[in-house]
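Remarks on the structure that follows.
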Amino acid sequence: MTTSRISLLVNGIQHDLEVEDGERLLDVLRNRLGLVGVKEGCSTGECGACSVILDGKLVSSCLIFAAQLDGSEVVTIEGLGKPGALHPIQEAFLEAGAIQCGFCTPGMVMACKWLLDYNPNPSETEIREAMSGNLCRCTGYQKIVEAVRLAAQKLRAPSTAELSSVKGGE
Amino acid sequence: MAGTKNMFARGDRMRELTFYHPHSLEEALECLARDPEATKVVAGGTDLYLQVREKQVDAKFMVDLSHIPELHFFRDEAGGTTLGPTLTFAELMQNQTLCRRFPGLVEAAGRIGSPQVRNRGTVGGNIGRASPAGDCSVALLSLGAEVTLRSLKEQRTVPLSEFFTGPGSHIGRPEEVITEIRLPAWAGRSGCSFIKLGKRKALILAIAAVAAYVELDEKSRVRLARVALGSLAPTPRRSFSAEAALEGQPASMEAFVEAGQAALADIDPIDDLRASADYRREVTPVLVRRALSMAAECARSLDLDKSWGGYR
Amino acid sequence: MGNHSLIGCSMTRVDGVDKVTGAGIYAADQAMPGMLYGRVLRSPLPHARILSIDTSEAEKLPGVVKVATAKDVPGFNRFGRAIPDTPCLADTKVRYVGDAVAAVAAESEEIAEQALELIKVDYEELPCVFDPIEAMRPDAPKVHEERDNNVLAHVKIRKGDTEKAFQEAAVIVENTYRTPFVEHVYLEPECALAYVDAGDTVTVISPTQAPFNIREAVAQVLGLPEEKVRMKQTVMGGGFGGRTDAAFDVCTRTALLAYLTRRPVKMTYSRKESIICSSKRHASIIRYKTAADSKGRLTAIEVAVYLNKGAYASVGAFMPIAGGLTAYMAVHASGPYQIPNVKIDVYNVYTNNPFGSPMRGYSVPQATFAFESQLEQIGEKLGIDPVEIRLRNALEVGSVTATGQLLEHSVGLKETIKKAVELSGWREVRSSDRKISPTKRRGIGIACSWHGNSSGRFPDWGGAYIYLRADGKLELHTGIAEMGQGPKTIFTQIAAEQLGVTPRIIIAPEPDTFWCPDSMTTTATRSTVMAGNATIKAAQDAREFLLEVAAHLLQAEKNHLTVSGDSVCIMHNPRLGISLVDIARHCVKGDRRLIGKGFWQVPKPIFDRETGQGRTHHVFTYITEVAEVEVDTETGEVTVLKMIGVPDIGKAINPLLLEGQVEGGMVMGMGYATMEEIQINNGYIQNPSLTDYLVPTSQDSPPITVALVEDPNRYGPFGAKGIGEPPVNPAAAAIVNAVYDAIGVRITELPLTPERVLKAIKQKQGEGAHA
């Protein structure tokens, strides 16, 4: 068994890890760091439950060799809000009724965050496309689409001007 | 599949794997040269990870290409456009030059897997995987792409149309790395397209895919056409018959219909979970006709005369 | 209490914060010190006799702690929902690909997996049978040798004189419909964690839809009294009916390994294993003959249904009085229409396939696909609009069903039809040109369905306990499993409403058989009514208790007191009162005290086994759906553009959650219509992954509009009815009817893959050319 040393910034905390070379990012997050909000639904990159944001991009953590990630930054659902201090996206999911069994929810929320990070005012088509890698078997997606719209509104509300300049630079 | 004991295996971890983390191409090629047969290069890994886990690919060593700047670039020069192999599909989709000139390639990149896969998977990986259903490979074929392969000893450039040899196999040698993908210089009145037919709108492997490229002369005749097919043969494949049927013809619906019929001579479809060979035969002329008419429309969109009306 | 401030209120779900922050702990997120990992060796053959099993090599592998086979099962080596026909570990033979043959507990998952490869099983292959109609032949191989034949259940409905009615009919339509096996695809794969504690109690931690049934099965397999088994539910990543059977499977085998090793054992399935071994929606062949008079009134139906049971009974066997999936299909096969002459035969037949089980809809989606396709054709032959033909035949108060049940209340079907039509722009699309481009056509379709609330079994009850905790909070236990459908939230609303407290002080934990009452299963569109009524009773009970204690402590008359917020106060002087925290300080010794219990039982069903006449369900939920589609006539691709769903749900306790149920069910039905199919070849599933087993993504799913009809259920809590399953039922039929409207081609087999649709189009073009 060979290992690689990687330095990984996860939810703002620096971790120096020695990972097995066959280990997935998902295993590192769940088993080594205890971030069990990252879910494993299919292990083949088809359901999106394990979605996290890696260096600013939405990825399926079940398809990624952790050994490749030296110097990378990861944000998981645990890096957003916490009970009592929810992130606006989490509030939106709650208020829009976009949660049922909750197993897809962490991945969905991360997909939403990734989308809104680069497109603060997405159309319904853009929302449905951005969320297309995250399967939900409970909601039929209608309320998820509504939640993303609501989240976009919430995030735009504090300073619309500032956010639209971000879009211009994309 | 039937009858084997490990049909139910979870096998999520691969203990025997060893990673190399080179920071230059030279270094990567050295790693690869040590034991080429047992070594694989990996960039995004979205497909390779599963292949290794399912033991479809036997690898003991992995060479990580994700930290090699020489492989991650985009160049647009007079002689043509060159893509670094570790550009991700998402990077292709966001590339303004590609969006303008090669919308077919951008469309193909955008139809691969999910956003998660597109953010991680690479164009070089799509070619190296040599899947008959590789969306990007199909689009690149229609654009007349060439790939450059390098080993420690030599470098060679081959047309993509001669690269694939079968499902999952190609002419590349184990010690070689794809170092660039070149597209011919952009020719004014040209257009391209990509159409994918699947059982679902997203996250789907194609039942059939067609990419087309057409260059028109000043009289709106087809000067050059390339038609590429996905999931219709053991490899992504050009339809030279369709192309020959078009050359010199007016860019008309009749010509595209004829080209669609001609494409049937070049397909070799199979029955699989997604559709039967018969169905694939049935839809090939339709998809080829539609792809060509979209490509022609795209070429004409530069024209002031927009009177041409075709249907998809 | 005329003013129900919490009932009909879209309160956000009580488990929402945990779920949206990733704090919710699912089974696979748990671990214990000294834990072993379990894996199951599964049959690679669809039907074979087991000659011998050699585990010696596997046992020698370092890290393997136990290799269990049938001979290690200490109790009764069978379990099952309706009848005990499923071995915990196969003893004499295997009956489908995926049947459990041996189980391994090892120090790691990899070792357990390696050990599986070292177990040698000698099989003698047996002849197989995969088709239900072939399986009914006298010479067919028998899936269960001890039975006379492969017919697990045959349920009949007989009413009137169908022969005469067919002779006198103005119009007759006859067709055969086929539906495939489909997969539940609960997003969380099966997982269980089991351990034995010092008191010899076996505790199983897992998400299930039937904690008490699982407890019974585990006890039976281990040869223990039920009190020695504790079932603790975790947060559940979807169920859809599948986690009744899948939970029997993973829980009994994990518990067996824990019992044999005396160490904690955790077993998690891969998605592939889950798809191969778990239960499915029954595949079906439905022969349907319908007659009507010249005015379009249905006069007779003759229906024969052959359900592909697969290897094990699950809920397929008849369960008295009118229960089991086979009876459910029979009762619902007429559709929600008035039909005087009825002959229905439903056969549920064992085969060597993966086994059919409850899956959201419980056979009504299959039936609806058939009866709604039939009705549409009757209308067409008579030149009657699809909406009109439904209105002419729809059940209403005073109607008698095919099973002879007089409907006395809560039949809002006609209202749902009218509302759905109004919201859908039906007339605009119907009067427009369907051809929207040379290669694309558009169409709109409608379908209605119904769904008996609860299972038709008897006894059939729901229960609720309310505990006062030492911290003054109230704990509400109903035994109903939260799988996302929202019972924790609506029971919190009901309890708070009835008690008069703020919902914030109510905590609804996951079911735990040590603390919660038995409410039977969380299936069959039964929870809201069964446990909702029980919750009302428990809350009344608890309120009495709180008032009594408060009266004593405040030295006040009980009838001068009321409950408000988090305290009990004097009715005319709300400032004078005592908080629940203070009440708890006086009367709760230890950490909680049971202060309210409630049970509610359904009116007893009646069902004549020979004629199927009687009264099977205390109420039905009705629903109408409209779908608009676009069809590519050159490729056969079907795009669902929008859907409208209008259920009659009696009363919406929580409209937001209810809409979520309707939308989710509709998209599940949309997947059933357009893409979902377990592709199976001689017993081998060809698509055991989410790459090849397709469910709708956000891009496939249409925008959905939901509206409600509330025709109160006299037996329901605040007039409510169940909604879990009904939204799935009509979706496929509505889409199939919309495709017909678009292209004039009627598809009688699901799903509508591009290939199947194109083939039908070409066939019609061919017929047109010859005509």
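Chain letters run A, B, ... following the sequence lines, proteins first and then strands; every chain starts at 1. Keep in mind that what you see is a predicted model, and the values were worked out from it rather than measured. As a basis for the values below, the full set of heavy atoms in this structure was taken, side chains included, without hydrogen atoms, waters or symmetry mates.
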(request) Look at the side chain of A:E73 and the backbone N and O of A:L9, then say whether any donor-acceptor pair between them is shorter than 3.5 Å. (result) no
(request) Among the options C:G664, C:S698, C:S689, pick out the one with the most heavy-atom pairs lying under 4.5 Å from chain A. (result) C:S698
(request) Please flag which part of A:A96 lies under 4.5 Å from any non-hydrogen atom of chain C: side chain, backbone, both or neither. (result) backbone
(message) Please classify the contact between A:L86 and chain C as side chain, backbone, both or neither, with a heavy-atom cut-off of under 4.5 Å.
(response) side chain
(message) Under a 3.5 Å threshold, yes or no: a donor from one side chain and an acceptor from the other, between A:T139 and A:Q100?
(response) no
(message) Main chain of A:V145, side chain of A:R128: is a donor-acceptor contact present, judged purely on distance under 3.5 Å?
(response) no
(request) Go through the atoms of A:E91 and report whether side chain, backbone, both or neither lie under 4.5 Å from a heavy atom of chain C. (result) neither
(message) Taking every non-hydrogen pair under 4.5 Å, which of C:E482, C:M666, C:E659, C:M670 racks up the most with chain A?
(response) C:E659
(request) Please determine if A:R24 and A:E40 form a salt bridge, counting it only when a charged side-chain N lies under 4.0 Å from a carboxylate O. (result) yes
(message) Looking at chain A, which one of C:I275, C:L657, C:D700, C:V17 has the largest number of heavy-atom pairs inside 4.5 Å, strictly under?
(response) C:V17
(message) Determine whether a donor-acceptor pair (N or O, by modelled atom type, separation under 3.5 Å) exists between the side chain of A:N31 and the backbone of A:V28.
(response) no
(request) Just give me the residue among C:V667, C:V706, C:T691 that pairs up with chain A most often, heavy atom to heavy atom, under 4.5 Å. (result) C:T691
(message) Given heavy-atom pairs under 4.5 angstrom as the criterion, report whether the side chain, backbone, both or neither of C:P207 touches chain A.
(response) neither
(message) If I measure from the heavy atoms of chain C, does A:F103 come under 4.5 Å with its side chain, its backbone, both, or neither?
(response) both
(request) Please answer whether the main-chain N or O of C:I678 pairs with a side-chain N or O of C:N687 as donor and acceptor at a distance below 3.5 Å. (result) no
(request) Tell me, out of A:P106, A:A130, A:S132, who's got the most heavy-atom pairs with chain C below 4.5 Å. (result) A:S132
(message) Tell me which of these, C:P696, C:G486, C:A23, C:G665, has more heavy-atom pairs under 4.5 Å with chain A than the rest.
(response) C:P696
(message) Could you check whether C:E725 pairs with C:R360 (Lys NZ or Arg NE/NH1/NH2 to Asp/Glu carboxylate O, under 4.0 Å)?
(response) no
(request) Give the member of A:A49, A:C101, A:G140 that has the highest number of heavy-atom pairs under 4.5 Å with chain C. (result) A:C101
(message) Could you check whether any side-chain N or O of A:D16 sits under 3.5 Å from a backbone N or O of A:S7, counting only pairs where one atom can act as donor and the other as acceptor?
(response) no
(request) May I ask you to name which of C:D18, C:V20, C:T12 has the most heavy-atom pairs under 4.5 Å with chain A? (result) C:V20
(request) Would you mind checking which part of A:K39 comes under 4.5 Å of any heavy atom in chain C, side chain (CB onward), backbone (N, CA, C, O), both or neither? (result) side chain
(message) Taking A:L94's backbone N and O only, do any of them form a donor-acceptor pair with C:K19's side chain (distance below 3.5 Å, no angle check)?
(response) no
(message) Quick one: does any side-chain atom of C:N654 pair with a main-chain N or O of C:M11 as donor and acceptor, under 3.5 Å?
(response) yes
(request) Report the option among A:G37, A:G102, A:G48 that has the most heavy-atom pairs separated by less than 4.5 Å from atoms of chain C. (result) A:G102
